[in-house]
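Here's the structure, in structure tokens; my notes come after.
Here the structure is a predicted model, which means the values were calculated and not measured. As the structure lists them, so they are numbered: ligands from 1, and atoms in each ligand from 1. Start at 1 with the first residue, then count along the sequence.
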Amino acid sequence: MPTNHTSPYLPFGDQRTAAWYGKDIISVKQFTRSDLEYVFGVAHEMRGMVARVGTFDLLKGKILANLFYEPSTRTSSSFTAAMERLGGSVIPINEVRYSSVSKGESLPDTVRTLECYADVIVLRHPETGSAAIAAEAASKPLINAGDGIGEHPTQALLDTFTIFEELGAGQVDGMTVTMLGDLKYGRTVHSLARLLSLFRVKINYVSPEILRLPKEVLDEVDAKRIPQAEYRSLEQVLPETDVLYVTRVQKERFEDPADYEKVKGAYVIDPEIMKAAKKEMIVMHPLPRVGEISVDFDDDPRAAYFRQMEYGLYVRMALLAMVLGKA
Ligand code: NCD
């Protein structure tokens with residue numbers, strides 16, 4: 001991806017750094033539009049620094065505890081890479097069955113333990129609301145890396161940064177974003193719909209009936225007066241779409257496996273379907289994909305999902321630097 005040397009974002013200053021120092025990041029609801037300008041400005045700087053020097057010492061001597069109670073490839077390894085590129089180090093706890101969690105230790109106790117050794121905690125947990133409970137127990141900053149079907153705020157931040165970098169920071173107002181797939185259990189869309197409602201976007205939701213976006217999220221977006229509509233088929237909205245955000249059907253969250261069988265493979269993006277889309281648009285996916293985007297589409301310039309992962313590194317570097325007071 002190209003590296004811009006002149007930042008399209010607002011310059012960042014000490015006041016904003018102070019605002020995030022020591023804070024938890026639990027929900028996208030904590031962010032205003034100007035916070036986003038700030039985060040993305042720092043992320044943009046991080047991108048330039050990584051391109052120039054690779055690793056540098058901004059967080060030298062700081063330690064991150066990376067506590068994952070659910071599987072993860074991208075989120076876990078990008079937080080590790082982010083900390084290491086900033087000169088810090090990481091305590092990885094991916095296999096909680098090998099930790100005292102398997103002896104029945106409570107989440108607050110585990111978090112209190114880790115903060116004795118680390119300066120910041122990143123937590124992924126299967127229960128909605130767990131990040132807020134853990135943050136309450138901890139006095140060091142805690143970052144939510146996904147709490148069940150609740151939120152995934154750092155993913156929504158990197159998704160929005162991807163949109164800014166790919167389509168232009170000034171272009172977000174007026175855009176049409178279409179979210180496709182499992183909108184019920186997909187925490188990334190719960191966070192992204194909320195975050196995008198800070199902009200004058202139009203949001204389309206395309207899902208099977210049983211995987212509609214929760215009413216609570218629809219109501220919050222509605223309260224911001226964002227035009228939104230739900231559909232069962234993609235064809236109707238694809239031609240107007242600037243950002244197509246595809247998600248995986250979250251098999252592990254279904255109560256009845258028969259329901260999963262009914263809706264898996266409901267939508268598949270491939271080069272043929274994408275003929276109906278704009279030439280200047282992007283297709284995103286938080287990944288992993290399990291068949292909802294054909295690999296035949298990967299070489300299309302509109303396929304942004306691999307670039308999206310790299311933007312995630314810069315956003316997570318920015319967030320770590322901010323909460324540790326070094327942005
Ligand atoms: C997502 C998640 O864990 O919610 N993955 C990720 O963090 N990139 C999406 C998913 O698992 O489908």
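- Classification of D173 and R33 as a salt-bridged pair holds, one side-chain N sitting under 4.0 Å from a carboxylate O.
- Considering only non-hydrogen protein atoms, atom 8 (N) of ligand 1 sits nearest to P286 O, 2.9 Å.
- For atom 11 (O) of ligand 1, the nearest non-hydrogen atom of the protein is R248 NH2, 2.9 Å.
- Residue-level proximity to ligand 1 for R124 is carried by the side chain, the only part with a heavy atom below 4.0 angstrom.
- In summary, the atoms of ligand 1 found under 4.0 Å from a heavy atom of T75, numbered by their order in the structure, are 6 (C), 7 (O).
- Considering only non-hydrogen protein atoms, atom 7 (O) of ligand 1 sits nearest to H152 NE2, 2.8 Å.
- Residues E240 and N204 bring a donor and an acceptor atom of their side chains to less than 3.5 Å of each other.
- Scanning the protein heavy atoms around atom 4 (O) of ligand 1, the nearest turns out to be R187 NE, 2.8 Å.
- A donor-acceptor contact under 3.5 angstrom links the side chains of N66 and T80, judged on distance only.
- Contact between D270 and I273 at its shortest, heavy atoms only, is OD1-N, 2.9 Å.
- Looking only at protein heavy atoms, the nearest one to atom 9 (C) of ligand 1 is L287 O, 3.7 Å.
- Counting non-hydrogen atoms of neighbouring residues, nucleotides and ligands closer than 6.0 angstrom, the CD atom of E136 reaches no more than 12 such neighbours.
- Between the side chains of Q155 and S191, not a single donor N or O lies within less than 3.5 Å of an accepting N or O.
- Side-chain atoms of E105 and T110 form a donor-acceptor pair, as typed in the model, at a separation below 3.5 Å.
- Using a 4.0 Å cut-off to heavy atoms of Q155, the atoms of ligand 1 that qualify are 6 (C), 7 (O), 8 (N).
- Within the 4.0 Å heavy-atom criterion, the part of T188 lying near ligand 1 is the side chain and not the backbone.
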